[in-house]
Structure formats: C-alpha cells, structure tokens
Amino acid sequence: LFVRGVESSLPVFWDFSPAGLRSGGRASAAPDAASPLDLEFIVQVVGGLLATLLAAHAMAGERDSGMLRALQIQPASAKTIVATKLVGGALTLAIAVALVGLVAGVVIAIFGRDLASRSLFAVLGLFSLGAETYLICMFALGLLISTLARSYASATTASLSIWIVFAVAAIPTSLFLSGIIVLVPSARAVESQQQADYEARLRLTRAATGAAFARVAGARDQWDRAGTEEPVRTVVTDAWTQGASDTRGRLNRLASDVAQAEARRRRLAQALSAVSPAAQFLAASEQLAGTNAATASRWQAAIHEYEA
C-alpha cells in the first residue's frame, strides 16, 4: 500500500433504507498481522528513527570519540561545521529515500502493472520529495539536541524521546484528545437514532394522513358518495408528501449535525498535531494519494446525493 489514510475506517458497503444510509462493517483502523504496512508509515516511523539517531551521532557521537575536537582546530567556524553536518545528513537521507522510492517503483511496475501510470509515478516522486523534507526536519531537530547535549548517551535518549513524541505519539494523541473534547456519536448510534426518528415520524405521518382522509371523506357511510374520490386522493397525497418531506428533512439535519461535529473534531486534531513534522507529512501524503478525510467527505457527499 502507498498511503493507507482513512480508507480502513470507511464502511465496506453502504445500504440505502427509508431511514437513511446504513453502513456495512468497518475495517479496523489499525493494520493487522496480515495487512502490509504502507510506505508512508515506513518513512514516518522507521525513517524518522533513522534521521534522529543519525543526528545524535553527528555531533554528540563525534564529540565523545574526539573527532569533533579535531574539526574544531581546523580553520572552520562552528556554524560551518553544523551546516556541513546538516548537508551531509540531508544527502544521506536523500539516498535512503531514493532507494525506497526506487524499490516501490519497481514493485509497482512488476506486481501492479494495471495501476502503473505516469500520474502514479509522478505522485511517487512528490511523495519522495515530501519524505525527504520530513526526514530533514527530524534530522535538524536531532542535530539541535545533539549539539546541546553533553554526552552521546544523553543525546541519543533525547533524540529517541523526540522521535517518540513527534513521529509515534503525536498523531494518535491528537486524535484521542480531539475525540474527548468534541464528542461524535458512532455510526451505529447515528443509524439507531435515524431509525427511531424515522419510525416516530412515520407514525405521525400516518396519523396526519388518516386525519386528512377523515376530514374530507367524512363518516364511513359517506365514503361511497359521488365526487369524494378525487378530493380524498389529493388531500391524502398532500398529507403523505408533507410528512415524507418533514421526515427526510429531520434525517438530513441529523446527518448534517454529525458531519459538522466530525469536521470540528478533525480540525481540532489537525491543530493539536500541527507542531509535529510527522503529522504534516501524513496530511500531505494522504492528499497526494487521495486517501485523506477531504476525499472521504466528497465520497460520502456523493453517496448522500445519490440517495437523494
């Protein structure tokens, strides 16, 4: 997989019912043992770890080994040494990203010939550029810590902490906190509420239709009198149409309220994780692959439009 995104959280299917859309089973958001890891996850976690450890060794490691002291006696300023380390780390990470991208391209060309296209390889190239940018950010953070640390051990510990916070914990933590702050009912709860509202509105519509029929048709012994058929049909049709319209409006408002709450939760999660380079890389990757929340929202809007 290229970028898993939100696809695993979408329903397997949608079913149309008078009470609105009913979703099928949902795939688990966490990959299981038989599910392959996507390329974005490998770069985000494994690549981020590589970048931070490389940065920890670049300054603190060479300081402990004495190589940094040998550089400092040379006619080069501290800024030049740090800039050289940054450029060298960026080139090293660029080679790693290029190799990963090359392997991904070969796999697509061999095993996914039906998917291979110029646009896909262009997306892969843009993804590699974003991956390099993300890894440089992680390397720069690690290099800053490595420069300030007094020993290689403390630099490694601090770099691993930065990696855990930004590359591993930031995204799930932001999702967890946003879910607590902005409560969004589950799909099953929404469907149950829609079904209950539909049944209640249906009873009201039937009662209103019966009352309209009795008002126009009169008593039972008057139902067969001439000239009552067309007025009865008209008033019953109008009453049923009005009830159905009110029911649909009620169900649509409920679905709209849930969608707005989900959008607020998603915006809050993005704001909470804005400081994480991994979160920005994930958002850009999902947008490139068309597996982000905006694409899912457009898909769901098309489903609701088809239903209407």
Side-chain angles (χ1 to χ4, degrees), residues 3 31 37-104 125-177 269-285:
V3 182
L37 297 177
D38 59 348
L39 186 59
E40 182 275 330
F41 179 83
I42 294 175
V43 173
Q44 174 187 327
V45 177
V46 180
L49 178 61
L50 172 64
T52 52
L53 291 180
L54 187 63
H57 182 270
M59 295 296 290
E62 293 189 358
R63 185 187 298 117
D64 281 6
S65 65
M67 294 182 61
L68 187 60
R69 184 177 298 275
L71 289 176
Q72 289 175 336
I73 64 176
Q74 300 297 323
S77 64
K79 293 181 179 179
T80 301
I81 295 176
V82 173
T84 302
K85 296 292 185 181
L86 184 59
V87 172
L91 291 176
T92 302
L93 295 172
I95 294 174
V97 170
L99 290 176
V100 172
L102 179 61
V103 172
L126 292 174
F127 172 83
S128 300
L129 181 61
E132 173 66 10
T133 304
Y134 159 69
L135 294 179
I136 289 177
C137 290
M138 295 298 294
F139 181 81
L141 286 173
L143 190 63
L144 175 62
I145 294 173
S146 181
T147 303
L148 299 176
R150 295 185 177 182
S151 65
Y152 178 60
S154 60
T156 302
T157 302
S159 297
L160 287 176
S161 301
I162 289 295
W163 170 74
I164 292 173
V165 171
F166 286 122
V168 179
I171 297 175
T173 301
S174 64
L175 292 175
F176 175 74
L177 292 177
Q270 292 173 350
L272 291 175
S273 62
V275 296
S276 170
Q280 305 306 317
F281 171 60
L282 174 62
S285 301

Can you give me the closest heavy-atom contact between Ala56 and Ser146, atom names plus distance? O-OG, 3.0 Å
So, taking the atom named OG in Ser285 and the one named CG in Leu126, what distance separates them when rounded to the nearest 0.5 Å? 10.5 Å
Can you measure from CG (Leu144) to CD1 (Ile162) and round to the nearest 0.5 angstrom? 9.0 Å
Test side chain to side chain donor-acceptor pair (under 3.5 Å) applied to Ser151 - qualifying residues, sequence neighbours left out: Ser154
Separation between CG of Leu50 and CG of Leu135, rounded to the nearest 0.5 Å: 7.5 Å
Please check: side-chain N/O of Thr52 versus main-chain N/O of Gly48, any donor-acceptor pairing under 3.5 Å? yes
Taking side chain as C-beta onward, heavy atoms only, is Gln44 less than 4.5 Å from Val168? no
Phe281: ring pair (Phe, Tyr, Trp, His ring centres under 6.0 Å) partners, not counting sequence neighbours: Phe127, Tyr134
Beyond-backbone contact of Leu160 with Leu53, side-chain heavy atoms, under 4.5 angstrom: yes
Rounded to the nearest 0.5 Å, how far does CE of Met138 lie from CG of Leu143? 13.0 Å
When rounded to the nearest 0.5 Å, the distance separating CG of Leu86 from CE of Met59 is 11.0 Å
side-chain contact (heavy atoms from CB on, under 4.5 Å) against Ala158, all qualifying residues, sequence neighbours excluded: Ile145
For residues 91-101, dump all side-chain donor-acceptor pairs below 3.5 Å to protein atoms at least two apart in sequence or in another chain.
unit_1: Thr92; atom_1: OG1; unit_2: Gly88; atom_2: O; d: 2.9

Heavy atoms of Ala269 and Leu175 approach each other most closely as CB-CD2, 3.9 Å
Identify the two heavy atoms, one from Ile171 and one from Ala279, that lie closest to each other, and give their separation to 0.1 Å. CD1-CA, 3.9 Å
Any residue meeting side-chain contact (heavy atoms from CB on, under 4.5 Å) with Ala170, in chain and number order, not counting sequence neighbours: Ser276
Per the side chain to side chain donor-acceptor pair (under 3.5 Å) rule, what does the pair list look like for residues 157-171, sequence neighbours excluded? none
State the CD-SG distance between Gln280 and Cys137, to the nearest 0.5 angstrom. 9.5 Å
